[in-house]
Structure formats: C-alpha cells, structure tokens
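Remarks on the structure that follows.
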Amino acid sequence: MDNDVILSVRDLRVSFRAYGGIVQAVRGVSFDLHRGETLAIVGESGSGKSVSTKAVMGILPPNAFIEEGSILYAGEDLTKADESRMHEIRGHRIGLVFQDPLSALNPIMKVGKQIMEVLVRRGMNKKDARSRALELMRDVGIPEPERRIEQYPFQFSGGMRQRIVIAIALAGDPEILICDEPTTALDVTVQAKILELINTIKEQRNLSVIFITHDLGVVAQMADRIAVMYAGKIVETGTAEEIFFEPAHPYTWALLSSMPDLETRERLTAIPGAPPNMIAPPAGDAFAARNRYALAIDFKREPPLFRLSETHLAATWLLHPSAPKVEMPRELKERIRRMKEAGSRA
Amino acid sequence: MPEQDNILEVSHLCQTFTSGHGSNRIVVKAVDDVSFSVRRAETFGLVGESGCGKTTTGRTIIRLYDPTSGTVRFGGRVISGKMTRELSSYLSSNIAMIFQDPIESLNPRMTIEEIIGEGLLLRGVSRARVHEAVVEMLHKVGLTEEHATRYPHEFSGGQRQRIGIARAMIIKPKMIIADEPVSALDVSIQAQVINLLNDLKEEMGLTILFIAHNLSVVKYFSDRIGVMYYGKLVEVAESDDLYAKPLHPYTRALLSAIPQPNPLTERKRQRIDYVPERDHDYSREKPEMREVEPEHFVYCSESELRAYEKQLG
C-alpha cells in the first residue's frame, strides 16, 4: 500500500504575513496521494485548501511562508527544494489547472505557442513540439486544432480555454495533476464536459489527481477519497462512500445537510455564524463555536484524528470512547437514505 | 391567459443590445420574445446558463434597461412604457432588487444605516423614523443595532448579503427580484441566506423572481420555474413537474449536467447533450410557447407538441 503513495504531505503549516498579524492559513495538514487516485479536498473559502496545494507546487505568494512540515515527492522534500528544482518539477511532474482559465493564459501569445513552450523547454525541436501540441489539443477535445493553434486565448470560450490550460498541464507529461476549482467559473453543461475530460485523461495516463472544490456534487462525481478541511485543518478524511454515507465530524454533517438537494422541502439546517479569524484561531476544535453538538472539551483541547476504519479518520471528540453518544442529525440520515435509494435505482 | 392573481405579466419582451456602427454594427438579442407571468406571493425561478438572458430579463422588468419591445405589467399597470417621474417612484416603491455580488452592490463610503435607510429618506421619511425602521430591519435579517454605524468592508460576505436584503425589504416592496443572491457565498452561509429569504417571504407575503443557475437551490426555493436558453424561454412548469418530467431537450440536458452530491448516482450518470440543429427541425413549422399539459409550457412546434403529449401519456 505504501509503495503506492506518490505524494505525501506531513504536518504542513503555512502562514501569511498580513496587515493585522500572522494569518495561520494551514495548521498542520497531512495527507497522502496514491497513484491513480483522485483525492478531493473540500472546504469553504479560507479553509486552507488552495494554500496547501500551492505549497506543494511552490507557488505561494511572497508574504506566505512554510512554518514547518514536509512535502515528500519521490523521496524528495519539496519544502527544501530550490526554485530551479521546483521549476523542473512544476513543468514535468506536477501539472496545475486553475479556476480561471483566462488569467492562467498569456493573453498576447497564441495558444499553440503556450503549449509548445513547455515542450520546447523539455528539449523538443519546434516541428515535433507543434505536432505534439496538435495531438494534445485533440486529446483535450478541441475541434479543428490546426486552425485553433494559431488563435489567441480571447478567441476561445471559457470551456475551450480550460481545455487549453489542461493541454498545457499535460504537455509536461505529469504524474500528478492538481485541479484548483477548475470548473467553478464555468456553466453547468460545460462543467460536466470538463469533468468528464479530466476523468478520461486521468484513466488514459494513470494520473493521480488532487481536486480542490467546494461543490459537493462535483466531489461526488470525481473523488475516490475526500479530505474535508476547516480552518486550516483536515477534520475528516475517508473514501467517497465513507464521507457521503458515514460522515462522523459535525462539520461534515453540516456541510452535507446545509444545501438543498432536489427532494429537500423542509427548512435548511444552516450552519450558524461564520468561520473563525485565522489570525487568532480558537483553542480546541475550531468548529466548536458553530457546532450544536460541541462538548466542553471541544473549546479547550484540540481533538486528535480518531480512526474509524483503515481509510476513515475524523477529528472530533465525539468519537472518544467516553464521549456521549451523538448521532448525526435526522435530516441528514434521511438524506443519506434517499441517496442510497437513488443509487440502487440508478 | 391573464388571470386576476398575476402580479407580474411579461409579454413578448425583447431586449437587444447594439454595439458598433455601420458595417460593424452588432445586434445581440439578449431577451427574445419572452412571456411569462408571476402570481401574487409565489416564487418564480428563472434558470439558465450565463448569457441566456435571465439577468437581463430581471433588469429590464425593473427598468434598469429600457425594453426594446413587448410589455410588462405589474399589478395591472404597464411598467414598460415611457419612463416618467411618477412611474419611477411607482416602480421603486413596489419592486426591489437583490444583487449577486454583495461587495460591489454596497457603496463603500456609506454606513449601513445610510445604505439601508436611503430608500426611506428619499421618500421623505424623517431621520428618527428611518433610524427606527433600519434597526427593526437589521434585527429581521439577523444583525444588530450596533452594525448600523459601520461600513460595508467590516462585514463578511454573508452579512453583506443580509444588508442587501434589508435595503431591498425596508421599502416594503410587493415584489423582489433576487439575482443570484447566494451564488457568491460559501456553502455554509448560503443556507442561512436562503432560510432568511424564505422567512421574509412568509412574513411579508412577498412575490419573488428568483434568478439563479444552481438548479437545486432554485428547485428548493421556487413554486414555478422558467428555463431560458439563448434569450428564449424554452420551458415553464411547476418546479416538481419540471424536474420529474422535463420535456424540452435543453431542460433535459441542463438537468442531466447538474452534479448531485451522491457518489452512487454520479458515477453512473448519463449526460445528455443539447444540439439545437439536431434536436429541432423548424424549417416548416414555427415554434412557439405551447401548453403541453395544464401549467406546463414548452417552446416547441406543432409536431413536437404532439410528441410531448404522447410522452406524457
């Protein structure tokens, strides 16, 4: 099993120097990415999901710094790699797809050249690079690549632009693809096509994918495993089935039940309050103040990760042997029943 | 089919935008012959993808744009005609709008009290009365009196949206046009705002025109739903019917594309593509809005109508 781990993040802490003080964006995150799997990192804005992956890519903004922790890729600690080494890794080993394809592309460079740039840097001559670029464009489903290769980003629609970004990411022939909210800016029908594309290329190239999103529908479609982040920590991690059908952390409960599904009629169970200020994160469980199941200890001591199964971990004191028995909310139970029913019908 | 309980009637509304001159002149039909009506105290959802004209429809109704053609009636009165001072005040005291972006839609240099109370001050209400009304409204949307003297930047996204809602509600409008009111908010905050809108709707007997692209939210929130595609309204039905038996191929494509938070169904999902040239043959028959079953309208041709009727049995 451990041979399969392609990327391993351990106790990562990332902070930002900001106007009001030090913002602790990521506070001790650990996860493994296995070969050929899709790991979805779910959380709200400010939960630290993007910052964690930016640290992996070595593209943190100048006011951010890694306080501690390690990012192990192929036996190498990326937190200690210098910029030229990171440059190599970013181009060849780890590909990145951002949320906004327009700002990820150079507006005054033809898209063909932007794809070829990566290939030429890898030592390909121009002619080969061009034919490889055409091939990549075909792979990501761009019609008429011979004509499109001479066009500029503004001549592409949002979905087509995102395909170009994916083609650029694939040009380096990466092992890992990090997708940071790749479809949030796109329409649902376009989103569906891009998600299908990511799944197809993942299968074809045996890629390992880290998929960052806040949309649980997208997670359900993409993820093999899920990590739920809140206030800079992973509060629960497990397989997609474990997170959707046997969630254990109250935050995951809240997340799953706060949005209406197509059959919801009753009042929504909103999460009260707002996420904490990360300049002075609260002691104990950061979610305690918004958690109606919070125990006294939640406000004092941080819960460790309790193991529920080989793959399922959750950081909540409710799982402690001496904690009172608390079940997930009734509405959520009902919803999970509906989900399973719909699943058996499908 | 003008009924007595329709508060808003939109008929054959067109809104075009032009750019350029001479041979460069481009005319975009943002809203193209759209007709629908909204009943008193109901929530009517307008869904579609970006660029389909749903936002333009809302903005034309409230006269942020002047309609190119067609008529809009509100409470029996035509509100799409020539803008007069009197019509303007009729509109602003009956219809209010909530915008998508809670940051851009609040003036950063005004305090919350000024923002929320402006509508009343303009109507000549005394400052003391305005203050009372603002405080009452703040409580209604889940904020406190202390917030009144602060500025928008001191609030989180969800709180700003509450301020936007308070500003819309304080004039006690009969109808609210809510344009993507939750899509800029985080998941955990969206539910708070949806619940708030629902409470206010019950309490004040509001009619809401709800414009959004998130179909689960629209379904949860709306009594009836209209689906728009490229400036046209292609299907209107009660929300349960629309999801249970979508008829227009675009509606079916749209519904098949929404990812549901359920790994069991998602992994087996079959997506339907909508290709207008393939799915319709309008060379001989002209499409128009037709009633396939009571309360279920589809934009289709005569032969498509028969096919749909057959499909419903």
Side-chain angles (χ1 to χ4, degrees), chain A residues 42-47 158 183 185-193 195-196 214-223 226 239-241 243-245 251 254-265 267-275 290 335-336 338-346, chain B residues 47-52 142 155-159 182-199 202 213-221 229 239-240 242-244 250 252-274:
Chain A
V42 194
E44 298 176 68
S45 44
S47 62
T183 58
L186 305 174
D187 277 321
V188 272
T189 52
V190 181
Q191 162 172 290
K193 289 179 192 157
L195 295 180
E196 275 167 26
H214 64 273
D215 185 330
L216 290 168
V218 172
V219 173
Q221 191 183 348
M222 303 299 287
I226 300 171
T239 63
E241 280 80 5
I243 299 293
F244 275 99
F245 301 132
Y251 179 64
L255 211 54
L256 287 172
S257 49
S258 66
M259 283 315 288
D261 64 7
L262 290 175
E263 277 145 73
T264 311
R265 277 168 212 285
R267 192 181 164 80
L268 297 178
T269 31
I271 310 175
R290 305 172 75 189
R335 186 182 290 209
I336 289 172
R338 280 206 300 263
M339 270 159 46
K340 285 186 170 160
E341 228 175 66
S344 58
R345 264 198 316 256
Chain B
V47 294
E49 296 180 86
S50 51
C52 74
F155 294 88
S156 67
Q159 286 175 318
V182 296
S183 48
L185 305 175
D186 262 320
V187 200
S188 75
I189 309 294
Q190 284 189 6
Q192 294 177 7
V193 173
I194 293 173
N195 280 342
L196 171 65
L197 278 172
N198 254 339
D199 291 346
E202 298 279 298
H213 68 274
N214 181 333
L215 288 121
S216 314
V217 174
V218 175
K219 162 112 197 291
Y220 173 74
F221 205 67
Y229 180 75
S239 53
D240 288 336
L242 189 81
Y243 284 80
Y250 176 68
R252 296 156 60 101
L254 192 63
L255 290 179
S256 79
I258 327 165
Q260 289 301 317
N262 182 351
L264 293 177
T265 53
E266 274 313 300
R267 287 178 191 152
K268 297 181 213 155
R269 191 152 60 94
Q270 292 293 311
R271 192 167 52 77
I272 307 168
D273 267 328
Y274 176 53

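Not measured: the values here are computed from a predicted model. Note that these values count all heavy atoms, side chains included, but never hydrogens, waters or copies made by symmetry. Each chain gets a letter, A, B and so on, in the order its sequence line appears, and its residues count up from 1.
At distances below 3.5 Å, at least one donor-acceptor pair connects side-chain atoms of B/Ser256 with backbone N or O atoms of B/Ile272.
Heavy-atom pairs under 4.5 Å with chain B were tallied for A/Leu186, A/Thr189, A/Val188, A/Val190; the largest tally goes to A/Thr189. Chain A forms more heavy-atom pairs under 4.5 Å with one residue of B/Leu215, B/Val193, B/Ile258, B/Asp199 than with any other, namely B/Asp199. Taking chain A as the reference chain and counting heavy-atom pairs below 4.5 Å, the highest number among B/Asp240, B/Ile189, B/Ile194 is found for B/Asp240.
Residues B/Pro263 and A/Phe245 meet the side-chain proximity criterion, which asks for heavy atoms closer than 4.5 Å. Considering only heavy atoms from C-beta on, B/Leu254 comes within 4.5 Å of B/Glu49 through its side chain.
Taking OG1 of B/Thr265 as the start and CD of A/Glu341 as the end, the distance is 12.5 Å to the nearest 0.5 Å. Annotation: the span from B/Gln260 atom CD to B/Glu266 atom CD amounts to 6.5 Å, rounded to 0.5 Å.
Only the side chain of A/Arg290 comes within less than 4.5 Å of a heavy atom of chain B; its backbone N, CA, C and O stay farther away. Interface remark: B/Asn195 contributes backbone and side-chain atoms alike to the contact with chain A (heavy atom separation under 4.5 Å). Contact of A/Val218 with chain B is made through backbone and side chain together, with heavy-atom distances under 4.5 Å. The parts of A/Ala240 that come within reach of chain B are both its backbone and its side chain, each placing non-hydrogen atoms under 4.5 angstrom from that chain.
Between B/Tyr274 and B/Tyr229, the ring-plane angle classifies as perpendicular under the 30° and 60° cut-offs.
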